[in-house]
Amino acid sequence: MGAKEKLRKNSQFAAVYEHGKTWANDLVVLKTLPNGLEWNRYGFVAGKRIGKAVVRNRVKRLFREIARATSTETGWDVVFIARNQAAKASYHELEASVAGLLNRARILIDKDRSEGTAEAR
RNA sequence: CAAGUAAACCGGGUGGCUGCCCCUUCUCGCGUCAAGCGGGAAGGGGAGGAAAGUCCGGGCUCCGCCGGGCAGGAUGCUGGGUAAUUCCCAGGAGAGGCGACUCUACGGAAAGUGCCACAGAAACAUACCGUCCCGAUGACGAAUCGGGAUAAGGGUGAAAUGGUGAGGUAAGAGCUCACCAGCGGCCGGGCGACCGGCCGGCUGGGUAAACCCCAUCCGGAGCAAGACCGAAUAGGAGGACUUACGGGUGCUCGGCCUGUCCUCGGGUUGGUCGCUUGAUCCUUCCGGCAACGAAAGGGCUAGAUAGAUGGCCACCGCCUGGUGGGAAUCAGGAAGAAGGCUGCGGUCGUAAACUGAUUUCUAGCAGGUACAGAACCCGGCUUACAGGUUUACUUGGCCC
RNA sequence: CGGGGCGUGGCGCAGUCUGGUUUAGCGCGCAGCGUUCGGGACGCUGAGGUCGGUGGUUCAAAUCCACUCGCCCCGA
């Protein structure tokens, strides 16, 4: 994930917070906003209430891995905000949680379905 | 073997797939003179003992410089180590422990000031209950009154002017003596803190983590320091001053310097450097009780910037729990077996099965695998931490 | 990186500077009783506190000192 795929400035985060849509469950809050680019940009937030530095870094790494491994529509800014329960969650729990939210946001590409259509053709 | 004391150290491993940051080399596309921009491949490196808390100290950088005074702060037995310290080492004194050993904010209360509640007569100057003597009224006693002596006894308190014993006295008191404690002096040992001995007079509270005194030390700010490039906005408003005023990183004085300085308003908050070779690490050897220092040889060991070492899987290791099996040790062990001795009445007899406890090996099962993430860099301190290893020593039990 | 503040019954605060005089106090809340036909309000009574933790100084600590834990705020 190169520098251009990250949300880096406070103004970028503020734009997503202000104008984006919110999708949430017990583990994570997603905020999404179309960015007009040909790629996605991601931001990861783990507040101080999540835990100490080790825990916060771990949660952000897990989210970063999930964002890399999940295939989505392009042209979106997505901010991942960890909630308290995320500190104790495993990779698979977080992955399922994020996939559910992305599906509701209609930017998730379903692997099984896309493979199915490719074979049909 | 058990309990403990003191040091030093480790703090998961292997493999596969797939990602991240940095460096080196190569390469592709755009450009095509180059710089540059975008992408790819290979190789190498990539968190800690505390990276943490930010409690001390130093390097480094900037604040224009020098000197004096005041304020403020820190430290506080002695000697040494160090770049430096509130750290470390060695030693002294005191306290704790049977001991190995551990702990200590450990200068000064005859420089001065303050405070010491309640109780108590008194918490800086004193005598409440008492004790004793003399005198008067009594009857020589008791009692009362007056004068004097005393600080042993009672009582209060956290603390009452050395403690114990003996002598002494009207009763008493360091009044005298012995020992102990404290103070002062002399002699001896030690660089010193201090220790040992002798002598002397005879002794008057506590609190400086109350103000304070003494000695020593300290300029301020911090890598968001600071330097350069680029971008953007403004090129303003108000005030102070011009024989002096302001500024010059606590205040103040003197000297030097400077022509500006303060407040408000506005813009940017991008890149490069600083940025990792350093009081560095390892080995050997020398000096030193040690901390540590000197020399020689060798090594290069993270540099991010919404912030890099991750994710998934497999196997193994380690720990905990209960289950099955085996072994060892200890205790018990019916019928008192076999058997020994016999004065034929008896007496001595744990080997075994079996039971219980502890330790250990092993099989498979379940759960767990700490504390914690570099952000300028070092030296310490403090705090957190599953579990494990090694060495030295102490006490107790058993065996030789 | 630097600086400052807070922690006291369930909640919000005094007391800490200047240690003791008080059993650590006040308001709201809680419980019981009274008052009322009943409730509220009011009156009376009562329960409830490791003073964040550990250690130290002192005769004596919520108060002084050191370390430590948690929370909050400010500046660059």
Side-chain angles (χ1 to χ4, degrees):
Chain A
M1 187 177 294
K4 69 176 185 179
E5 295 178 64
K6 296 179 188 173
L7 292 173
R8 306 180 71 184
K9 294 184 181 179
N10 197 37
S11 58
Q12 293 172 337
F13 278 84
V16 177
Y17 276 46
E18 187 76 17
H19 305 292
K21 291 184 179 178
T22 303
W23 317 87
N25 61 19
D26 289 342
L27 295 177
V28 60
V29 178
L30 285 188
K31 289 187 180 279
T32 58
L33 182 71
N35 61 8
L37 299 172
E38 295 186 1
W39 59 85
N40 286 353
R41 295 187 301 186
Y42 299 97
F44 307 95
V45 177
K48 213 170 184 181
R49 58 189 306 171
I50 298 294
K52 298 197 174 189
V54 173
V55 176
R56 296 200 303 270
N57 285 341
R58 178 187 134 77
V59 169
K60 287 166 79 173
R61 282 177 193 141
L62 291 176
F63 281 148
R64 201 175 298 123
E65 177 66 17
I66 289 164
R68 191 186 66 81
T70 307
S71 52
T72 63
E73 304 284 346
T74 57
W76 291 84
D77 283 348
V78 183
V79 176
F80 293 67
I81 303 168
R83 309 189 76 170
N84 287 6
Q85 295 298 315
K88 297 168 193 162
S90 71
Y91 174 78
H92 293 294
E93 288 168 342
L94 286 176
E95 187 183 36
S97 174
V98 169
L101 293 177
L102 288 173
N103 190 37
R104 281 165 55 191
R106 303 191 184 282
I107 59 176
L108 178 71
I109 294 175
D110 194 322
K111 279 183 183 173
D112 299 334
R113 194 177 56 195
S114 58
E115 283 171 13
T117 53
E119 277 183 28
R121 262 184 276 151

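Reminder, nothing fancy here: chain letters follow the sequence lines and each chain counts from 1.
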*Asks:* Checking one residue: Leu7(A). Which other hydrophobic residues are in its cluster under the side-chain 4.5 Å linking rule?
*Replies:* Phe13(A), Val16(A), Tyr17(A), Val29(A), Leu33(A), Val45(A), Val79(A), Ile81(A)

*Asks:* Taking only residues two or more places apart in sequence or in another chain, which ones pass ring-ring contact (aromatic ring centres under 6.0 Å, His included) with Phe63(A)?
*Replies:* Phe80(A)

*Asks:* When the P atoms of rA74(B) and rC55(B) are compared, how many Å lie between them, rounded to an integer?
*Replies:*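 One P to the other, the span is 14 Å.
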
*Asks:* Report, one pair per line, the protein and nucleotides 311-314 of chain B atoms (nitrogen or oxygen only) whose separation is under 3.5 Å.
*Replies:*
{"from": "rC312(B)", "atom 1": "O3'", "to": "His92(A)", "atom 2": "NE2", "distance (Å)": "3.4"}

*Asks:* OP1 or OP2 of rC71(C) sitting under 4.0 Å from any side-chain N/O of Lys48(A)?
*Replies:* no

*Asks:* Using the test side chain to side chain donor-acceptor pair (under 3.5 Å), find all partners of Thr74(A) that sit at least two apart in sequence or belong to another chain.
*Replies:*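 Checked Thr74(A) against side chain to side chain donor-acceptor pair (under 3.5 Å); zero matches.
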
*Asks:* With Watson-Crick and G-U wobble geometry limited to distances under 3.5 Å, how should the secondary structure of RNA chain C be encoded in dot-bracket form, using | for bases paired to another strand and [ ] for crossing pairs?
*Replies:* (((((((..((((......[....)))).(((((.......))))).....(((((..]....)))))))))))).

*Asks:* Pairs under 3.5 angstrom only: tabulate donor-acceptor contacts from the side chains of residues 50-57 of chain A to other protein residues two or more places apart or in another chain.
*Replies:*
{"from": "Arg56(A)", "atom 1": "NH1", "to": "Gly51(A)", "atom 2": "O", "distance (Å)": "3.0"}
{"from": "Asn57(A)", "atom 1": "ND2", "to": "Ala53(A)", "atom 2": "O", "distance (Å)": "3.4"}

*Asks:* Using the C1' atom on both, measure rA302(B) against rA374(B) and round to a whole Å.
*Replies:*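 Looking at atom C1' only, rA302(B) and rA374(B) are 8 Å apart.
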
*Asks:* Both conditions, 6.0 Å and 45 degrees, for the charged tip of Arg64(A) above the ring of Tyr42(A): are they met here?
*Replies:* no

*Asks:* What is the base-pairing partner of rG188(B), counting Watson-Crick and G-U wobble geometry with both distances under 3.5 Å?
*Replies:*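 Its partner is rC195(B) (Watson-Crick or G-U wobble, both distances under 3.5 Å).
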
*Asks:* Can a side chain N or O of Arg61(A) be found less than 4.0 Å away from OP1 or OP2 on rG373(B)?
*Replies:* no

*Asks:* Does Lys60(A) reach a base, just sugar-phosphate, or nothing at all? Heavy atoms under 4.0 Å.
*Replies:* nothing

*Asks:* Determine which nucleotide pairs with rU86(B), using a 3.5 Å limit on both distances of a Watson-Crick or G-U wobble pair.
*Replies:* none

*Asks:* Side-chain N or O of Lys6(A) versus OP1/OP2 of rA306(B): is the shortest distance under 4.0 Å?
*Replies:*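 Checking rA306(B) against Lys6(A), no side-chain N or O comes under 4.0 Å of OP1 or OP2.
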
